[in-house]
Each structure stands twice: as C-alpha cells, then as structure tokens.
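Below is one structure, written out as structure tokens; comments come after it.
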Amino acid sequence: MDAILSDLISLLITTIRVSTPLILACLAGLYSERAGIIDIGLEGKLLGAAFGAATVAYLTGSAWIGLIAGVGVSLAFSGIHGLASINFRGNQVISGVALNFLAAGLTTFLGATWFARGGNTPALSGDARFGAIHFPFARELSGVPVIGPLYSGLLSGHTILTYIAFLAVPLTAWVLWRTRFGLRLRSVGENPKALDTAGMSVMWLRYKALMITGTLVGVGGAYLSTAQAASFSNNMAAGRGFIALAALIFAKWRPFQAMFACLLFGLLEALQYRLQGQDLPFIGRVPTQAMQALPYVLTILLLAGFVGRAIPPKGLGQPYVKER
Amino acid sequence: MSAPRIALPRWVDVVLLPVLNVSLAFLIGGIVVLAVGENPIEAVRIMFYGAFGYGYGFGFTLYYTTNFVFAGLAVALAYHAGLFNIGGEGQAYVAGLGAILVALAVAGLHWALALPLIMIASALFGGIWALIPGYLQAKRGSHVVITTIMMNFIATSLMSYLISRVLKPPHIASDESERVDAMTRVPFLSEWIPMLRNTPVNISFFLAIAALVGVYILIWRTKFGYALRTMGHSGTAARYAGMSNAKLIMITMAISGALAGMIAVNDVAGAHGRLLLNYVAGTGFVGIAVAFMGKAHPIGVGLSALLFGVLYQGGQELAFTMPAITREMILTIQALVILFTGAMSEMLRRPVELAFIFSRLRGHDPDTQPKLAAQEDK
Amino acid sequence: MTSLTPETTQRPEVAAGTDFAIELRKINKRFGPVHANKDIDLEVKRGTVHGIVGENGAGKSTLMSILYGFYHADSGEIVVGGQPVIINNSSDALHLGIGMVHQHFMLVDNFTVIENVILGAEDSALLRPSVDKARRELTRLAEEYGLNVPPDALVEDLSVGQQQRVEILKALYRGADILILDEPTGVLTPAEADHLFKVLETLRNEGKTIILITHKLREIMAITDRVSVMRQGEMVKTLETSETSPEQLAELMVGRRVLLRVHKEPANPGDVKLEVKDLVVADDQGTERVKGVSFTVRAGEILGIAGVAGNGQSELLETIAGMRPANGGTITLNGEEVTAADEDYAAFLRRKGLAHVPEDRLRMGLVTNFYEWENAILGYHDEPRYGSGLMLEIKAAKAEAKRHIEKFDIRPANTDLKTANFSGGNQQKIVLAREMERDPDVLIVGQPTRGVDIGAIEFIHNQIIKMRDAGKAIVLVSVELDEIRSLSDRIVVLFDGQIVGEADPETADEGELGLLMAGVNNKKAAVQ
C-alpha cells in the first residue's frame with residue numbers, strides 16, 4: 001500500500017516538474033493568441049530563453065540574473081514576432097516558424113562557439129541554479145503517513161519557478177476576466193476594430209500582450225536549463241513549445257483548463273519515464289513512442305471535433321489593417 | 001478604402017524585392033560570422049569552393065538540392081491553394097516507410113523496374129500522411145498548420161517505433177532497416193559521371209528537375225491548377241465557380257505530401273540505401289525557406305533549392321576550415337531567409353515604393369508616373 | 001503625425017454665440033489620384049438632425065471618417081463647439097464628444113452588452129466599478145431614450161436592431177453630444193428604422209446633435225432638420241429640409257435628371273424556366289434563413305425579389321446558384337430537378353443553362369488577384385472549348401476575354417491586367433459579360449449595381465432588359481427598391497425568409513411595398 005502511494009506520489013512529483021515549463025509556455029501562448037496573434041514560435045522562445053539563462057547564470061553565478069537574461073532573449077524574439085506580424089502585417093505562422101529555426105540555429109551555433117562543448121553550456125552549480133524551496137515543517141512532517149508525502153513531497157520542495165507557474169494560472173484568469181486590460185485583450189483577439197473605434201491602440205495592446213508572452217515563456221525556458229536541468233543542452237525544448245500550443249488548443253484558450261491540459265500532458269510524459277521497459281498487466285510493454293504521440297493525437301482529435309470543439313478567437317492570425 | 005498601393009513594375013516584385021530580402025538575411029548572417037571573429041567574405045569563398053570547386057563537393061551540392069527541390073515544391077504547391085503545409089518533414093519520414101517496404105520486397109529487381117514502384121509507394125505513403133490533415137481541414141475545419149505540426153510529431157513517434165522495433169534486423173546494432181539490394185538501389189550518378197564518385201547524388205536529381213517542370217505545368221497550365229489557384233485566392237469564388245473546396249484541399253494536400261515523399265526516393269532508396277532513424281533531418285523544414293525564397297514559383301524554388309544546397313554542402317566545408325562556424329550557422333541563415341522573405345517581406349516594400357515614386361517625380365515624365373492601383377469601391 | 005496639444009483633448013467650452021456644434025472648413029482629402037473630399041465646408045447646427053446625402057462614392061463616409069479621426073485631412077480646419085481642434089484618432093474625437101455608429105457594427109460578438117459598452121471607457125484598472133456604473137447608466141439611458149437592451153446578453157444573441165442600439169449606447173455612455181450615424185437603416189426593417197428615428201428625435205430634443213449619413217431620400221425627408229448634398233467629393237448644397245423635396249435632392253445628388261424608369265417594352269412571358277418550390281435553406285450557423293419559398297419564372301420576364309438586406313436573399317440566391325445545399329424543397333430548371341444537395345453544384349447548374357451574377361462580386365464573382373482573362377472564364381474553365389483534357393487552353397480563354405471586352409466596352413481593354421486594377425463598374429461588366437455571353441436560359445442577378453458608377457448603371461440595366469427581350473428568364477434580387485421597380489415585370493417581397501406578397505411594379509406604390517418589406521401582411525398590398 002505504502003509502496004503504491006509513494007510510487008504515485010513520485011509520479012505526481014515528476015508530473016509537476018515536467019508540467020511547469022508547459023504551463024508557463026501555454027499561458028504565454030494564451031496571452032498572445034487571445035490578442036489575436038498566433039504563436040508557433042513558443043518552442044523557439046523556450047529554447048532561446050533556456051540558452052540565455054544558462055549562459056548568463058554560468059557567467060555570473062546567479063540563477064536570478066540568468067532568469068532575467070532568459071526573459072530578455074524571449075522578449076527579443078517576441079519583439080521580432082511583433083514587428084513581423086503587427087507592423088509589417090506578415091504571416092504570423094511563417095514568422096513563428098522562422099523564429100523556431102533561428103533559436104535552434106543560434107543557440108547551438110553560439111553555444112558551440114563560446115563554450116566549445118558541441119552546443120551545450122557548462123554545468124551549473126550552487127547559486128547558478130534555482131534550488132528547491134522547502135515549506136516549514138516539511139522535514140518534520142515527512143514521516144507522517146499520507147500527509148507527509150503529500151505535503152513534504154508533492155507540495156514542498158519545488159523551485160520558485162514552479163510556484164510562479166502555478167500562481168500565474170489564477171492570476172491570468174483574474175487578469176482576463178476581472179481587469180480592464182483583460183477586457184481589451186479579449187476584444188482585440190475577437191474584433192480589433194471594436195477596440196480601435198473605441199479610441200484604443202490595437203498595435204500597442206498587441207505589443208503588451210506579446211511582452212507578457214515573452215516574459216512567461218522566458219521564465220519557462222529559464223526553468224528548463226537552470227532549475228530542471230543544470231545546463232543548456234542542444235534542442236532542450238524538445239517540442240515542449242508545441243505541446244504547450246496543443247494544450248492551449250485543448251484548453252480552448254482558457255487559463256485553468258490550460259493548466260489541467262498541461263498537467264495531463266505532463267503526466268503522460270512522467271508515465272513515459274516511469275513505464276520505460278516495464279510490462280503492464282494485460283497490456284504488455286507500452287511503447288514509449290505511443291505516450292510521446294498521445295498529446296498530439298488527442299489534440300488532433302479535438303481539433304477535428306471528435307472530442308468537443310475548439311473555436312479559436314475570431315481575429316486570430318489576421319493582421320489588423322485600419323481600413324473601412 | 002485603404003492607403004493606395006503603388007503598382008510596382010513586375011520585375012521589382014519578382015526579382016528585386018526577393019533578392020533584397022535574401023541579401024538582408026545574408027548580411028545579418030555575415031554580421032554573426034563577424035561577431036564570432038571570422039571573416040564573412042572568406043567564409044563565402046570557402047563555401048562556394050566547397051560547393052562547386054571540385055567533383056566531390058559538387059556531387060553533394062546536387063544531392064542536397066534534389067531534396068530541397070522536393071521539399072520546396074511540396075510547400076509551394078500547397079501555398080498556391082492557400083494551404084500552409086508545415087508537415088513535409090513528417091510526410092517525407094512516413095514516405096520512407098513506403099520506400100523501404102517496396103525496396104526490400106522487390107530486392108534483386110533491376111533498379112529501372114523497381115524505381116517506379118518505389119516512387120509510387122513513397123508518393124502514396126507521403127500523400128496519405130498529408131491527406132489526413134487535408135481531410136481534417138476539408139471536412140472538419142481543423143487548421144492545416146496546426147494539424148501538420150502535430151502530424152510531424154506523430155510521424156516521429158510512429159517511425160521511431162517501427163524502425164527500432166519492427167524494421168531493425170537483429171544483426172544491426174543501430175536503429176535502421178535492412179539494406180536495399182545493390183541491384184535495386186537507385187543508382188548514383190557517379191556510375192556515369194566519374195567526377196561525382198563517392199557522392200550520394202543519384203538518378204533522383206533528374207526526378208527533381210522533372211518535378212519542377214511538372215509542378216509548373218500543373219499550377220499554370222492545367223484546369224486543376226486554375227481551380228487550385230482560384231481557391232487559394234478566394235474559397236468563396238471557388239464555390240461560386242462550382243469547384244469543390246473540400247476535394248481541392250484534399251487532392252492538393254495529397255500531391256503536396258507525395259512531393260515531399262520523393263525525398264524518400266532520393267535518400268532511403270538512393271543515398272542511404274536503407275531507412276535510418278530520423279533520416280529526414282530537417283529537410284522538410286528547409287522546404288519552407290526554399291518555397292518562400294522562391295516565391296512559390298518552380299523557377300524560384302529550383303534556384304533557392306540550389307542556393308540551400310550550396311549552403312548545406314559549403315557549410316560542411318566551412319565547418320572543417322573555420323571550426324568556429326558550425327553547421328548550425330546554416331540553420332540560422334535558413335531562419336533569417338524565412339523571416340525576411342516570408343514574414344517580413346513588406347518591410348522593404350515601402351522603402352522601395354518610395355524610392356520609385358521619388359525617382360519618377362524627379363523625372364517629371366507624366367507617362368511614367370507610378371500607376372496607382374484603382375481604388376476599390378466601398 | 002502631429003502631436004496632440006493638451007488643450008485639444010479637452011472638451012472645448014462652448015464659445016459664446018456659436019450655434020454650430022461642428023464646422024468644417026475647406027477639408028481636402030486625396031487617396032492617390034482620387035480626390036475624395038474637395039474643399040468641403042459644412043456647418044452643423046447644435047441640437048439638430050443634419051442629413052448628409054449622396055451616392056456611393058460621393059465622399060460622405062470619408063468626410064465623417066475625418067471627423068471621427070480615422071483619416072487625417074490633407075488640409076482644412078475642424079471646429080468643434082467654436083474651437084478649432086486637431087483630431088488625430090478616434091480617441092480625440094471621443095474626448096470632443098463625437099460618437100459614431102458605424103454601418104458595420106464595431107462590437108465584440110461574444111462579449112455582453114455591458115462589456116461592449118465599457119470597452120475603452122473603463123474608469124479603473126479593475127472592471128467591477130465600471131460594470132456597476134454602466135449597469136446604472138444603461139438603465140437610465142433605456143428610460144430616457146427608449147434604448148432597451150438586456151445588459152447581460154451576449155451581443156451575438158441580439159437582433160440587428162438591438163445591436164445597433166448597443167452601438168448608440170456605447171457613444172452615449174462615453175458622453176457623446178454629437179452622434180454620427182453611417183447608413184444606419186441599411187440592415188434594419190422599416191419597423192426597426194422607425195424605432196431608431198424615434199430614438200434620434202428624443203436625442204435631438206435632449207439637445208444632442210445628430211449627423212445622419214444616408215442615400216435614402218425618404219429618411220432625409222422624415223427625420224432631418226437640415227440636409228447637405230454631396231456629389232463626387234464636393235459639397236453641393238445645404239438646405240432646410242422643410243424647404244426642399246425628394247426630387248430636388250435627387251437632382252442635386254446625381255447632377256442631372258434621374259432616369260428613374262428604364263425604357264422597356266411590356267414583357268412577353270413564355271414557358272416556365274425556373275421553378276422554386278417550398279425551398280428551405282440554412283446559413284453557415286445552421287439558422288434557417290429561407291423558410292419555404294416558392295415562385296416560378298418564365299422565359300422573357302424579370303422577377304424582382306425585393307426586401308430589406310438580411311431577410312434570406314443571399315441564402316436564396318446561393319442555393320439557386322448551387323453554392324449552398326437546400327435543406328428542403330425543390331428547384332426545377334427547364335423541367336429538370338436540380339436542387340443543390342451540396343455546395344459544389346454551381347458548375348453542374350451552369351451546364352444546365354443557369355448563369356449567376358453574384359451579390360458580392362469582389363468576394364465571389366471575381367478573383368481580384370487574377371488577370372482579367374482568368375476571370376473571364378471563372379466557372380466555365382471546365383468547358384471543352386478551354387481545353388479538352390486536363391490542360392487549360394490559355395489562347396482560347398484570352399480570345400473569349402477579348403470578345404467580352406469589346407462587346408461590353410470593358411476598360412482598360414487589357415486581358416493581361418490584374419482585375420484589382422479595374423474600377424467597380426468595369427469589374428461588374430467583366431462578371432456580366434461572362435455570365436450573359438454564355439447564352440443561359442436563366443440568369444440570376446444579385447445587387448447588379450452596388451458600388452457601380454452612374455454611367456455603368458444605365459448600361460447594366462439595359463443589358464438586363466436586353467437579356468429579357470431575348471427570351472431569358474431573369475431573377476433579380478436587389479435592396480434598391482427603385483431598381484426592382486424599374487426593371488421587374490413582377491415583384492415578390494421577401495421578409496424573414498418568406499415571400500409575404502406579390503405586386504405589380506406598375507400599380508404597387510412604395511408605401512405598400514414598404515409595408516410588405518416590413519412584414520406587415522396587408523392584404524390590400526398583395527395586388528393580384
């Protein structure tokens with residue numbers, strides 16, 4: 001019994017760990033897409049931010065300065081995306097695709113040039129990494145049955161970035177539904193003309209949304225290289241940006257649902273590690289590839305309307321042209 | 001009414017602006033090279049020498065070009081129908097399965113007989129993998145961009161399972177299939193042209209040239225192409241004309257996937273002679289850059305595929321000579337090309353338009369006043 | 001763009017002695033070679049309803065867009081309440097107390113009424129106080145002006161008339177003293193329009209100033225105090241409404257005697273060519289828009305279908321043309337049942353002898369990015385004369401395009417020019433030539449002269465009559481009642497997806513047709 005419980009707890013701990021960057025990237029995408037801008041480039045931003053954070057954290061020895069650098073890189077990418085899709089009214093999908101390649105190319109190229117480790121950064125240690133935060137009495141309670149593992153294991157012991165990610169969920173919901181900014185954000189993704197004729201700047205609002213996107217996904221990238229792992233390695237985003245995008249669609253562009261979708265996809269990833277090489281009763285050996293593919297298969301089924309229906313914001317992907 | 005747009009001469013749209021955009025991408029690439037302490041001009045020299053200077057390099061250049069033509073045409077064709085097929089990567093990967101299954105099944109058959117079969121199988125597998133998102137777009141309204149991305153990942157998982165668990169023979173350590181029989185394998189050009197010895201360029205190169213011509217004819221000289229372009233510009237107009245959007249979308253996606261599938265003929269049945277894990281290695285994505293740079297026109301696609309072939313082969317050479325510049329530099333340039341020719345193509349248009357107005361106003365020649373596009377009625 | 005000086009953002013104190021809410025002086029605006037506004041002077045008296053009439057393209061909307069800060073005038077002066085101001089954007093206009101109700105509503109469909117009303121006019125970073133305030137305000141405005149709308153309803157669930165009220169509420173909530181309405185009745189039923197006019201009267205009596213842009217003279221006569229006429233970018237004249245007549249206004253608008261009646265011989269109807277029976281059609285959202293429509297059209301006659309826009313005309317046309325599946329009923333062409341079961345029946349119907357000039361030529365009837373010759377074969381490209389097998393015979397297509405250009409005097413006469421570079425009238429001629437030259441048995445025509453210059457209107461009308469005289473059966477759908485009356489041999493009126501009456505164009509008067517279009521089923525109006 002205890003073994004099963006601790007097994008389960010450890011699975012959930014892994015789930016939370018791998019869901020953290022997904023949630024950050026997914027919420028980031030939510031701000032962008034709610035404002036009407038498709039963000040295929042989440043993957044690239046995660047990667048760029050992870051590289052920026054690891055590099056600067058290594059050079060300065062501070063995870064926090066690394067975080068700022070990571071966010072900076074991600075914001076720069078958002079800026080280019082904004083320039084392309086807001087100012088030059090370019091194709092947002094193409095811009096995102098380009099940024100993904102740019103991140104993949106630049107991180108490895110610069111990494112290899114600067115550190116000569118085939119694109120990886122040197123290992124981070126001490127303050128250059130985000131350490132786990134332990135809640136009060138976590139150690140004392142850890143022996144207590146049920147409550148112990150839940151409190152000390154599951155809730156306590158994550159890095160600050162994980163807590164930020166989970167706090168960002170209710171915060172986003174609050175911003176979206178309860179604030180002036182949220183109202184304008186939602187309107188600009190649905191019908192930008194409504195905002196324009198009300199005397200507000202569509203362009204500025206979309207840039208604001210993209211800045212939030214850049215910041216959140218930047219934190220997610222920093223998490224990958226300075227909290228979850230201890231260095232940047234080649235292509236370390238490994239499709240997480242796309243999983244986040246899938247989760248966003250799955251959640252129908254709503255914050256709490258986005259969190260649950262990310263947790264679900266995170267659980268699938270955790271199960272992948274857990275079930276590797278193990279035989280399940282009745283099923284036999286589950287190929288890890290099936291688990292890897294599952295989030296994408298689920299999203300396609302949803303998109304196809306076989307499971308519910310995902311209706312994106314109406315103005316999504318359309319550059320705003322002021323004309324009548 | 002929108003701000004009037006100047007109708008620029010055709011050559012500006014077709015030649016000048018793309019060239020300027022590509023130059024900009026390379027200029028920035030050059031700055032990056034400079035930033036890591038190398039000489040960009042020397043880098044370009046080494047690259048061109050590596051790509052054209054001797055038979056071995058040239059053979060590789062042509063081999064890469066072959067792949068990029070197929071990948072670029074896949075994106076370009078779909079683009080004319082208003083569809084953005086990002087799934088060339090996955091379609092080519094799955095096509096590899098069709099290619100290897102047939103190639104192994106007919107092992108020992110002379111290549112001239114096997115090649116059509118392998119092509120059909122590759123086209124079929126790649127086409128079906130593209131048809132799924134096409135069907136979902138046509139019948140269920142799911143956006144083809146998102147579904148093709150998802151299909152890429154699903155292809156990666158599926159193929160990795162099949163290669164490592166099913167196709168891999170016990171006597172081979174790495175994840176790859178059995179080798180294609182030497183008789184059946186698509187022959188290298190070096191059999192006829194000794195200069196190209198030890199290079200992977202094979203008969204598929206001519207298939208690529210044929211595909212360029214074929215796609216041109218398909219888009220601009222056939223009734224299907226006319227319908228496809230109508231839909232690409234306006235789905236409503238296509239419906240008005242009695243064309244079935246759903247059918248057009250599905251057929252276009254299938255052809256697009258089949259084109260991407262030809263990469264398998266070049267690689268699996270030719271260059272590699274077996275199905276390797278992750279054999280496509282980003283070729284499908286290069287197709288996006290190739291298509292945009294080539295303005296989705298077969299001539300443009302051919303030229304930009306060649307340019308990328310030079311970049312990829314020359315880039316290898318460069319990585320040997322200038323260790324500071326790794327292969328990923330090419331990926332960076334590829335990204336910049338997509339960015340400037342695809343997403344930010346409007347950036348340089350305005351300055352060019354202004355330059356035209358200015359030069360003509362100075363000319364004081366009323367006949368050459370820039371023609372203004374007619375105002376559309378409200 | 002010049003920076004906004006602080007004093008212009010504040011509402012100017014009413015300068016003593018000025019009667020004018022708005023004064024425009026020597027306003028000029030060019031779009032490339034098009035001089036949309038030429039030296040426009042306009043004075044709008046405070047507390048009046050001021051109409052601005054003019055044909056499509058006369059420059060009314062451009063002028064109002066300048067006033068609302070959408071465009072910046074090339075030259076000229078704007079004076080609001082006696083103070084010269086600079087209006088750089090909509091925000092400036094709103095600060096000056098100018099509100100606008102756009103022809104196409106600027107609403108967020110999946111927002112509630114309250115959310116739409118406060119958007120951009122929120123008082124604080126948090127929504128709650130604004131929502132509460134807006135709720136109180138909406139109640140007050142509803143009582144004061146009869147502007148009732150459920151505040152918590154989603155806009156997409158409201159009727160068009162209610163949505164327009166939300167637009168007006170938005171302006172009033174922002175404290176607008178001057179309200180600009182751009183073609184407000186285009187989408188309204190006559191009853192809704194009447195309600196709107198009552199609201200406007202109340203607003204005027206409360207001291208608000210209203211500018212009404214329209215091309216409908218009846219509305220001008222009914223509601224305005226003064227009226228300004230625009231023609232081809234120029235302000236022709238401003239008159240007291242009580243001292244003018246529709247005839248005078250029409251003449252001023254057009255600049256010459258209007259040919260209200262097209263010359264035509266009496267119809268000579270032959271066999272039934274098209275029969276529509278109990279037709280039911282739903283729109284993309286699944287809402288039934290055509291609810292059991294039946295009619296027949298004979299060779300050599302024009303059947304006019306009158307009605308306010310949005311009463312099912314578009315769906316009806318699309319289904320007859322084979323672009324939209326029917327949900328019930330039958331369509332018979334030349335005695336053969338051809339009811340569309342899917343959205344790709346158009347080609348099949350063309351082969352059976354049906355031609356279609358669509359309502360929306362830019363989105364439907366043409367591909368503006370195509371060369372002229374490519375549009376000359378749109379819908380007919382599959383015919384063997386443009387190539388027998390899979391190949392398209394470009395030479396044949398260009399030859400056909402050249403024939404159209406000559407016969408319909410399409411200018412410029414260049415088959416290799418992008419269609420976007422043709423004027424509205426010439427684009428319409430490209431469509432008409434294509435559809436008429438095919439020598440169809442049945443021609444269905446939607447809004448043939450929408451956005452078309454006057455010279456081309458006459459030409460188009462004459463072509464339609466010529467088709468009729470050649471023994472074709474013609475269905476004409478138009479929201480322009482005059483057009484319907486002058487061209488049709490029989491008129492049916494469509495209201496809420498049903499035919500509510502039939503009338504003879506010679507005998508029926510405008511009032512009776514108006515009642516029918518409003519859904520008032522007056523037996524007397526149903527002549528015959």
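We name chains A, B, ... by the order of the sequence lines, and we start the count at 1 in each one.
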- prompt: If we only count heavy atoms from C-beta on, is the A/Leu303 to B/Leu136 side-chain gap below 4.5 Å?
  reply: no
- request: Answer with side chain, backbone, both or neither: which region of B/Phe292 has an atom nearer than 4.5 Å to a non-hydrogen atom of chain A?
  value: side chain
statement: Bottom line for A/Val93: the part with an atom under 4.5 Å from chain B's heavy atoms is both
- prompt: So how far is it from B/Thr332 OG1 to A/Leu106 CG, rounded to the nearest 0.5 Å?
  reply: 4.5 Å
query: By a 4.5 Å heavy-atom criterion (distance strictly below it), what part of B/Ser164 contacts chain A: side chain, backbone, both, or neither?
result: side chain
message: Please list all pairs meeting salt bridge (Lys or Arg N to Asp or Glu O under 4.0 Å) that have one or both residues in residues 265-275 of chain A, counting only residues at least two apart or in different chains.
response: A/Asp7-A/Arg274, A/Arg240-A/Glu269
Side chain / backbone / both / neither for A/Ile243 at chain B, heavy atoms under 4.5 Å: neither
B/Ile149, part contacting chain A, at a heavy-atom distance under 4.5 Å: side chain
message: If you count every heavy atom of other residues, nucleotides or ligands that lies below 6.0 Å from B/Phe153 atom CZ, does the total exceed 12?
response: yes
task: Find the one option among B/Met344, B/Gln137, B/Arg165 whose heavy-atom pairs under 4.5 Å with chain A are most numerous.
output: B/Met344
- request: Look up atom OG1 in A/Thr299 and atom CD1 in B/Ile146, then write down how far apart they are to the nearest 0.5 Å.
  value: 9.5 Å
query: Using non-hydrogen atoms only, which part of B/Tyr161 is less than 4.5 Å away from chain A: side chain, backbone, both, or neither?
result: both
- request: Give the member of A/Gln292, A/Gln289, A/Gln92 that has the highest number of heavy-atom pairs under 4.5 Å with chain B.
  value: A/Gln289
- prompt: Looking at B/Thr147, B/Thr156, B/Ile288, B/Val36, which one has more heavy-atom pairs under 4.5 Å with chain A than the rest?
  reply: B/Val36
task: Below 4.5 Å from any heavy atom of chain A, which atoms of B/Ser345 appear? Answer side chain, backbone, both or neither.
output: neither
- line: So NE2 of B/His143 and CG of A/Leu316: to nearest 0.5 Å the spacing works out to 8.5 Å
- prompt: How far apart are the closest heavy atoms of B/Ser142 and A/Ala304, and which atoms are they?
  reply: OG-CA, 3.4 Å
message: Checking side chain to side chain contact (heavy atoms under 4.5 Å, CB included) between A/Ile94 and each of B/Ile338, B/Ile86, B/Val145, which is the one that passes?
response: B/Ile338
Stepwise side-chain contact (heavy atoms from CB on, under 4.5 Å) check, A/Phe109 with B/Ile325: CA-CA 7 Å; A/Phe109 172 63; B/Ile325 300 173; 4.2 Å; yes
statement: Ordered numerically, the heavy-atom neighbours of chain B under 4.5 Å found in residues 73-88 of chain A are A/Ile80, A/Leu83, A/Ala84, A/Phe88
message: Would you compute the distance between atom CG of A/Leu302 and atom CE of B/Met150 and round it to the nearest 0.5 angstrom?
response: 10.5 Å
message: Can you tell me if B/Lys139 has over 12 outside heavy atoms packed within less than 6.0 Å of its NZ?
response: no
query: A/Gly90, A/Ala98, A/Pro287: which one forms the most heavy-atom pairs within less than 4.5 Å of chain B?
result: A/Ala98
- request: Mind ranking B/Gln334, B/Glu328, B/Met151 by heavy-atom pairs under 4.5 Å with chain A and telling me who comes out on top?
  value: B/Glu328
- request: Identify which part of A/Ala104 has an atom lying under 4.5 Å from any heavy atom of chain B, answering side chain, backbone, both or neither.
  value: both
